[in-house]
**Student:** 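Can you keep this structure in mind? I'll have questions shortly.
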There are 2 protein chains.
Amino acid sequence: MKYRRIPDETIQRLPMYLRGFSLLEDEKEETVSSRRLAVRLGLNPHQIRKDLSYFGSFGRRGVGYPVRATAQRIRRILKLDKTQKAALIGAGRLGTALVAYPGFSSFNLEIAAIFDKDPQKIGKKIGHLRVESIERLSGLRKRKIQLAILAVPAEAAQSVTEKLVKAGVKGLLNFSPGHLKVPASVKKIDIDLASQLSILPYYL
Amino acid sequence: MKYRRIPDETIQRLPMYLRGFSLLEDEKEETVSSRRLAVRLGLNPHQIRKDLSYFGSFGRRGVGYPVRATAQRIRRILKLDKTQKAALIGAGRLGTALVAYPGFSSFNLEIAAIFDKDPQKIGKKIGHLRVESIERLSGLRKRKIQLAILAVPAEAAQSVTEKLVKAGVKGLLNFSPGHLKVPASVKKIDIDLASQLSILPYYL
DNA sequence: TTTTATTTGTGCTCACATTCACAAACACAA
DNA sequence: TTGTGTTTGTGAATGTGAGCACAAATAAAA
């Protein structure tokens, strides 16, 4: 296929595909067709094929996609073939829940540091990590942590973000409500829990 | 404007607009132009105007949007002018964090019941609510709870969902990974935390 | 009243994602 | 070797949302 810009939407679906392939890997399946995979994931086969084709030829016609190889290739694309470390900012309830969240490890994601402003929390253990002072964010570059999860109150979000950017963070998963300004070089994903829930009543 | 289908994307932005208007309400602002609001929210004025116009005429030319009235109108559209009750299923760490989450109340959203399967957790207090047995989900209809937040392990998600649908739930905020089958009459929003985080490394 | 500066509301255009349709590639049986 | 049934990969068609430009409406100054 001639070069075409890869849609963000495609990138966003890759983790879903990866989860599907990983599960099939565990089930010792050798190959899977786009049709079978589509049924499992609840979407349509055309989209799976088109999405994967952006990254080259993955499957064999008449056969399907080789499970193990394709899983590995998607991991490579998403840079999940090596463990990716993320810093968590905010050791409140949500932050604590995220540390214990079991879903990250299957994607080779690891929360490798926790920061908080509150002196009461600093030094405390959460999981197997100790909460560090927010003053130590500047050490992230040395520790090769380029991802951050922001779970602080809205008022603190912008100033913490600026510290993170200075510390070399390139990807941000933001749970704080409201608009966060980041340089174009930083990829930001917003998860606004209250907004998400408040959409539902509309459809009642 | 002649009738046009309202895009889902527009609905998804309404909570953002509502938060903007609510804040301006607190600041005792009388009116706001799409331009000023756009700066605050970090998006463009055309989109705000187009989105609002789907629901009729909101503002006055040369002046802007009346803050209080527009906020109230958006609340009405989203059915947030009355408190909306939601049930939380799954009293794990994530569920517990959600109960304490302060962001819901400003949208008139309330977690009004908590359910779990684990007998160890049933009867325990979380916030000011007691954890109930999952067997009691069928009582949701009588309690007029039509929204549910699903924070259970992936294995349990489908069966719980079916119980919820039977109990008359019409809107579902799903934190469980994987594909969940729901009837077309039920609106489902998925928040897959691991998938979201795993998108970030791609952009490094 | 007239002019100037704003600002909304909306038809239109453009860009882009999704879906379709089909040729090419493969497996396997006859 | 030929034929049949799959399945991928992709150009093309379709559908849809975002961005734009501008007329209409308003306020305030001249």
Side-chain angles (χ1 to χ4, degrees), chain A residues 1-17 20-21 24 29-71 73-74 77 179 190 199 202, chain B residues 1-17 20-21 24 29-71 73-74 77 179 190 199 202:
Chain A
M1 185 167 64
K2 65 187 176 193
Y3 176 77
R4 285 245 292 277
R5 188 191 134 270
I6 296 163
D8 268 16
E9 282 79 358
T10 293
I11 304 296
Q12 284 167 26
R13 280 188 291 270
L14 286 183
M16 222 194 315
Y17 299 155
F21 279 107
L24 288 161
E29 294 279 338
E30 290 289 327
T31 58
V32 66
S33 68
S34 57
R35 183 142 58 98
R36 271 209 305 143
L37 186 63
V39 171
R40 281 177 83 112
L41 298 180
L43 31 88
N44 84 35
H46 302 102
Q47 190 149 58
I48 294 177
R49 293 207 298 277
K50 170 72 77 162
D51 282 341
L52 292 180
S53 78
Y54 281 111
F55 302 96
S57 183
F58 277 68
R60 284 174 67 195
R61 303 179 184 210
V63 181
Y65 296 94
V67 171
R68 174 178 289 275
T70 307
R73 240 172 119 177
I74 299 176
I77 293 166
H179 171 56
D190 294 304
I199 293 165
Y202 174 83
Chain B
M1 184 166 67
K2 66 186 176 192
Y3 176 77
R4 285 246 290 277
R5 187 191 134 268
I6 296 164
D8 269 14
E9 281 79 358
T10 292
I11 303 297
Q12 283 167 29
R13 279 187 293 269
L14 286 183
M16 222 192 316
Y17 299 155
F21 279 107
L24 288 162
E29 294 280 337
E30 290 289 329
T31 58
V32 66
S33 68
S34 58
R35 184 141 58 98
R36 273 209 302 144
L37 187 63
V39 170
R40 281 177 84 111
L41 298 180
L43 31 89
N44 84 37
H46 303 102
Q47 190 150 58
I48 295 177
R49 294 207 297 277
K50 167 75 66 136
D51 281 341
L52 292 180
S53 79
Y54 281 110
F55 302 96
S57 183
F58 277 68
R60 283 174 66 196
R61 302 178 185 213
V63 182
Y65 296 93
V67 170
R68 175 179 289 276
T70 308
R73 238 171 120 179
I74 299 176
I77 292 165
H179 172 57
D190 293 304
I199 292 164
Y202 174 82

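Not measured: the values here are computed from a predicted model. Quick note on labels: first sequence line is chain A, next is B, and so on, each numbered from 1.
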**Student:** Could you tell me how far apart A:Ile48 (CD1) and C:dT19 (P) are, to the nearest whole angstrom?
**Tutor:**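 In whole Å, C:dT19 P and A:Ile48 CD1 are 12 Å from each other.
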**Student:** From B:Leu24 CG over to B:Leu37 CG, what is the distance, rounded to the nearest 0.5 angstrom?
**Tutor:**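 B:Leu24 atom CG to B:Leu37 atom CG measures 6.5 Å (nearest 0.5 Å).
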**Student:** Counting just side-chain N and O atoms, does A:Arg13 come under 4.0 Å of either OP1 or OP2 of C:dT18?
**Tutor:**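 Result: yes.
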**Student:** Return the value, rounded to whole Å, for the distance between atom CD of A:Gln47 and atom P of C:dA17.
**Tutor:**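 Going from A:Gln47 (CD) to C:dA17 (P), I get 11 Å.
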**Student:** Examine the base of D:dG17 for any acceptor or donor lying under 3.5 Å from a partner atom in the side chain of B:Lys50, and report the outcome as yes or no.
**Tutor:**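 Checked by distance alone, the answer is no.
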**Student:** Would you tell me if any nitrogen or oxygen in the side chain of A:Arg60 comes within less than 4.0 Å of OP1 or OP2 on D:dG9?
**Tutor:**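 No, outside the criterion.
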**Student:** Output the rounded distance in Å from CD (A:Glu9) to P (D:dT16).
**Tutor:**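 Taking CD of A:Glu9 and P of D:dT16, I get 15 Å after rounding.
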**Student:** Could you tell me whether the phosphate oxygens of C:dT18, OP1 or OP2, come under 4.0 Å of any side-chain nitrogen or oxygen in A:Asn44?
**Tutor:**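 Indeed not, no polar side-chain atom of A:Asn44 lies that close.
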**Student:** As a test of reading the structure: which of D:dA27, C:dA27, D:dT8 is closest to the side chain of B:Val63, going by heavy atoms?
**Tutor:**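 Output: D:dA27.
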**Student:** Atom CZ of A:Phe58 and atom P of D:dG9: how far apart are they, to the nearest Å?
**Tutor:**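 These atoms are roughly 9 Å apart.
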**Student:** Would you say C:dA17 has OP1 or OP2 under 4.0 Å from some side-chain N or O of A:Arg5?
**Tutor:**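 Yes, such a contact exists.
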**Student:** Among the candidates D:dT10, C:dA27, C:dG9, find the nucleotide nearest to the side-chain atoms of A:Ser53.
**Tutor:**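 So the side chain of A:Ser53 is nearest to D:dT10.
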**Student:** Strictly below 4.0 Å: does A:Arg35 bring a side-chain N or O up to OP1 or OP2 of D:dT6?
**Tutor:**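 Looking at the OP1 and OP2 atoms of D:dT6, neither is under 4.0 Å from any side-chain N or O of A:Arg35.
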**Student:** Would you find a donor on one side and an acceptor on the other, under 3.5 Å apart, between the side chain of A:Arg36 and the backbone of A:Thr31?
**Tutor:**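 Pair found, side chain donor or acceptor close to backbone of A:Thr31.
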**Student:** Where the side chain of B:Pro7 is concerned, which of D:dT8, C:dG11, D:dG17 is the nearest nucleotide?
**Tutor:**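 The listed nucleotide nearest to B:Pro7's side chain is D:dG17.
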**Student:** Can you confirm if the NZ or CZ of A:Arg73 lies within 45° of the ring axis of A:Phe55 and under 6.0 Å from the centre of its six-membered ring?
**Tutor:**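 A:Arg73 over A:Phe55 ring: no.
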**Student:** Give the rounded distance in Å between these two atoms: NE2 of B:His46 and P of C:dT7.
**Tutor:**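 It is 13 Å, rounded to the nearest whole Å.
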**Student:** Quick check on DNA chain D: between A:Gly62 and A:Gly56, whose nearest nucleotide comes earlier from the 5' end?
**Tutor:**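 Nearest nucleotide further toward 5': that of A:Gly62.
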**Student:** Quick one: A:Tyr54 OH to D:dG9 P, roughly how many Å, whole number?
**Tutor:**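 Result: 14 Å.
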**Student:** Grab the CG-P distance between A:Asp8 and C:dA17 for me, whole Å please.
**Tutor:**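 Going from A:Asp8 (CG) to C:dA17 (P), I get 8 Å.
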**Student:** Hey, is the side chain of B:Tyr65 poking within less than 4.0 Å of OP1 or OP2 on C:dT6, counting only N and O atoms?
**Tutor:**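 False: B:Tyr65 side-chain N/O out of range (4.0 Å or more) of C:dT6 OP1/OP2.
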**Student:** Rounded to whole angstroms, how far apart are CZ on A:Arg61 and C1' on C:dC28?
**Tutor:**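 Between C1' of C:dC28 and CZ of A:Arg61: 19 Å.
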**Student:** Side-chain N or O of B:Ser34 versus OP1/OP2 of C:dT8: is the shortest distance under 4.0 Å?
**Tutor:**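 Indeed, a polar side-chain atom of B:Ser34 lies that close.
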**Student:** For a side chain to side chain contact (heavy atoms under 4.5 Å, CB included) check, start with the C-alpha distance between B:Ile74 and B:Leu52, then their side-chain angles and the critical distance, and finish with the verdict.
**Tutor:** CA-CA 9 Å; B:Ile74 299 176; B:Leu52 292 180; 4.2 Å; yes
**Student:** Considering residues, nucleotides and ligands other than B:Arg35, do more than 12 of their heavy atoms fall under 6.0 Å from its CZ?
**Tutor:**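 Counting neighbours around CZ of B:Arg35, 12 or fewer heavy atoms of other residues, nucleotides or ligands fall under 6.0 Å, so no.
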